[in-house]
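Structure record follows, encoded as structure tokens.
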Amino acid sequence: MLKRTVNCGELRSEHEGQEVVLNGWVQSYRDHGGVVFIDLRDRYGLTQVVFDPSGDAAMHHLARALRTEWVIGVKGKVRHRAEGMENPKMVTGTIEVEALQLEVFNKALTPPFEIDSTEPVNEELRLRYRYIDLRCKYMQRIMDVRNKATNIIRQHHQDHGFYEIETPILGKSTPEGARDFLVPSRLAAGSFYALPQSPQLFKQMLMVGGMDRYLQIVKCFRDEDARADRQVEFTQVDVEMSFIEMDDIISVTEEGFAKVWKGVLGVDIPLPIPRMSYADAIRDYGIDRPDMRFEMLLKDVTDIAGASDFKVFTSVAKSPNGMVKGLCAPGAGTYSRSDIEKGLTDFVGGYGAKGLAWFKVTKAEDSDQAQLTSSIAKFFSDEQKAELIERFGANIGDLILMVASDADTVNKSLAALRCKLGSDLGLAKQDDWRFVWVVDFPMVEFNTDENRWDSLHHPFTAPVPEDIPLLDSDPGKVRSLAYDIVLNGNEMGGGSVRIHQPELQAKVFDILGITKEMAQERFGFFVKALSYGAPPHGGIAWGLDRCVMMLCGIDNIRDAIAFPKTQRGQCLLTEAPNVVDESQLEELHIEIRREGPED
RNA sequence: GGGGUUGUAGCUCAAUUGGUUAGAGCAUCGGACUGUCGAUCCGAAGGUUGCGGGUUCGAGUCCCGUCAACCUCGCCA
């Protein structure tokens, strides 16, 4: 085999005269009848190889037969390109390799799509031929970023004394949280393993086991519907530390993020990363993952709206959980009525908002004062309108948008609207990195459907110590020692200080409606572990795939993963999941029930 | 489970109100060409319009169903 001595991206003028061997794929060939040019590609770059007709006749004949994506080895001599022949678009464009020997390692079928095509290629096709897609610069860059990021993360945690420890993939199913992927057991008929939604309990037990500091870059599985930023199978940077308080985890983590941003993008992230309470985030942004790149804060105007003559507002303001809130979109006063109705009202409608009230902030005819123009302006007194302008800090040319509904719908729809406007109005810049920690989460929230309290984070999250007395009287008021790290409106990770005393853990289970029997059956092993000397501990998990998305400026999680699944959890490359042999099912004690038309 | 977008040549797209033989660029194949680098020039081949029904004299186009991919609500402790 003509084994490479250099890669396709490294030759420069200073290598002139050297005899080298290159290996790679034929990116393109240009046959001039006499001289033949080949651009040879590998992960490192492109190098032009020249086959001169004055050379070996058999080799020249073979060179003319080369086609794109054939895999070859070439021995040749590096030479400086003649004046005017350099290609400034190529890193190796000042040189070329004059071929002396050619070996075809493998021919290739015509690829189903062009490598590095200038036109976007259908994603379904890319996934079906992922091994070809991965040859493209686009994917190679993402894999490079992903590799760099994981290396930095590993090194960072090594430097802080973390052990990298693996936890089981075949685990125990717990009905809380997301739907589990189940794996049938052959040896225990009728029993199933579950794939981990995260290694949560194992990492806590590693702390009980005295491992002190744990890191794992690990696959997690959640059988829920995918999204642009969500895969059923994803990678978490999983971290746990002993004998720490919240600030210790936060500081190790933010230092890690800063190192990644510095190492991959060369960007300095100022530390410490600012913190915001959950309550403030909901109040100002309507969501627990605020995009801090622009202002356009939400303002509660229930009081003003309730005092108006606009029935929609007054009835909502009077209802128990009713809220009228809005935002002021700078410069959006140019939006037409149909821009608003088709572009914005329909948009918030998707989040349950029944309507979207709007005011254009215009210049009064008789003065330089701002005034409000709207079909509903007549329901507001001049004082009320002035109050609205003041509350929103509105300027002439702005557009005020308001939603009236229950608090949850108002916040959800306005949060989404705010992000949409931030992007539509060009306020959210891609290379602006605004990290924020969201802290002081409520420990539990009331689930009206099930009529019980649910964990906001998970049942092992410790309450804020001074809120512990409220556990019995007013669980909804109890804050937890949980924290999410948010970047530009994306949740990049989250964690908490854990409960390390079995009594407190039992109490929290009780509040969550998990009976002693249920707790014993599901988490007995874990509560037992807490009873054998569990250190104070806590941790965090980062979403590595999202981290890569942000670093690469892509908005699709599939591109951040070498072999991703579709929205329906299919692998288009291998065609998993697939029907298996009857004999395999038999060994697993499984019988497939054919679903009837009613199912 | 709900809402939406898309599906036409290998790829990216076009095709007027339902109307002749479904076109173009790129790729492919053949030929020409000794300096190109998105090579160029000449020529050729390439179609179950996702699939199945229906309406119609006539369907890529309209209707019904279905499949897939994507976006999204719910869901994701």
Side-chain angles (χ1 to χ4, degrees), chain A residues 27-40 46-55 60 64 67-69 81-90 92-93 96 98 109-129 132 174-180 197-198 200-201 220-232 234 346-353 409 412-413 416 420 441 443-445 447 449-450 453-461 480 482 491 494 496 508 512 514 522 543 555-558 564-568 570 572:
Chain A
Q27 169 95 352
S28 72
Y29 61 94
R30 296 176 292 279
D31 181 352
H32 285 253
V35 66
V36 175
F37 299 98
I38 299 287
D39 287 341
L40 196 63
L46 279 177
T47 299
Q48 174 164 287
V49 178
V50 189
F51 295 88
D52 196 273
S54 59
H60 195 255
R64 296 193 69 179
R67 290 297 178 266
T68 53
E69 298 313 309
R81 295 204 200 175
E83 189 140 4
M85 308 293 178
E86 292 111 337
N87 186 347
K89 284 189 251 174
M90 289 170 81
T92 60
E96 62 193 4
E98 180 190 4
L109 295 173
T110 302
F113 53 87
E114 199 186 334
I115 312 296
D116 294 329
S117 163
T118 49
E119 278 163 341
V121 179
N122 179 277
E123 192 183 4
E124 208 174 326
L125 195 71
R126 287 175 53 208
L127 293 182
R128 192 159 285 127
Y129 295 92
I132 294 173
T174 55
E176 281 78 22
R179 203 174 289 120
D180 281 324
Q197 295 178 26
S198 82
Q200 185 60 36
L201 296 180
C220 300
F221 306 86
R222 294 179 190 173
D223 189 4
E224 298 292 347
D225 289 0
R227 283 289 187 284
D229 63 349
R230 234 162 67 190
Q231 277 275 289
V232 290
F234 61 100
D346 290 357
F347 177 79
V348 294
Y351 296 84
T409 303
K412 269 194 182 140
S413 54
K420 176 185 167 52
F441 282 85
M443 193 179 78
V444 293
E445 65 183 343
N447 180 334
D449 295 339
E450 307 275 341
W453 295 99
D454 279 348
S455 297
L456 211 69
H457 196 57
H458 57 55
F460 318 105
T461 301
S480 65
E491 184 191 330
S496 62
V508 170
L512 296 172
I514 301 172
R522 291 178 201 168
D555 50 16
N556 168 349
I557 197 172
R558 294 177 299 281
K565 298 206 160 36
T566 69
Q567 200 165 52
R568 296 186 69 252
Q570 308 276 318
L572 295 180

Should the side chain of A:Arg230 and the base of B:C76 be counted as holding a donor-acceptor pair, with the cut-off at 3.5 Å?
yes
Contacts of type side chain to side chain donor-acceptor pair (under 3.5 Å), residue A:Thr92, not counting sequence neighbours:
none
What's the gap between B:A9 and B:G47 when it is taken at their C1' atoms, as a whole Å value?
5 Å
Contact nearer the 5' end of RNA chain B, comparing A:Thr118 with A:Glu124
A:Thr118
Base, sugar-phosphate or nothing for A:Tyr29? Non-hydrogen atoms, less than 4.0 Å.
sugar-phosphate
Report, as a single string ordered 5' to 3', how protein heavy atoms within less than 4.0 Å touch nucleotides 30-36 of chain B: B base, S sugar-phosphate only, - not at all.
S--BBBB
For A:Leu46, is there any backbone N or O sitting under 3.5 Å from a side-chain donor or acceptor partner on A:Gln27?
no
Sequence neighbours excluded, the answer for ring pair (Phe, Tyr, Trp, His ring centres under 6.0 Å) partners of A:Phe347 is A:Tyr351
For the P atoms, the ones on B:U12 and on B:C75, what distance do you get once it is rounded to whole angstrom?
36 Å
Integer angstrom distance from the C1' of B:A69 to that of B:A24
26 Å
Between the protein and nucleotides 10-13 of chain B, which nitrogen or oxygen pairs are less than 3.5 angstrom apart?
{"unit_1": "B:G10", "atom_1": "O2'", "unit_2": "A:Pro112", "atom_2": "O", "d": "2.8"}
{"unit_1": "B:U12", "atom_1": "OP1", "unit_2": "A:Asn122", "atom_2": "N", "d": "2.6"}

Identify whether any heavy atom of A:Arg227 sits under 4.0 Å from a base atom; if not, whether one sits that close to sugar-phosphate; answer base, sugar-phosphate or nothing.
base
Using atom CD1 of A:Ile115 as one end and atom P of B:U28 as the other, report the distance to the nearest whole Å.
12 Å
Residues that A:Lys565 engages under side chain to side chain donor-acceptor pair (under 3.5 Å), provided they are two or more places apart
A:Glu233
Between B:G58 and B:U20, how far apart are the two C1' atoms, rounded to whole Å?
12 Å
Considering only the P atoms, how many Å lie between B:U61 and B:G19, rounded to the nearest integer?
11 Å
If we take the C1' atom in both B:C76 and B:C62, what is their distance in whole Å?
40 Å
If the threshold is 4.0 Å, N to carboxylate O, is there a salt bridge linking A:Asp225 and A:Arg230?
no
Name the nucleic acid region contacted by A:Asp225, choosing base, sugar-phosphate or nothing; use a 4.0 angstrom heavy-atom cut-off, strictly under.
base
Taking only the P atom of each, what is the distance from B:U16 to B:U40 in whole angstrom?
31 Å
So, using ring pair (Phe, Tyr, Trp, His ring centres under 6.0 Å) as the criterion, who are the partners of A:Phe441 when residues are at least two apart?
A:Tyr278
If the C1' atom of B:A15 is compared with that of B:U21, how far apart are they to the nearest Å?
14 Å
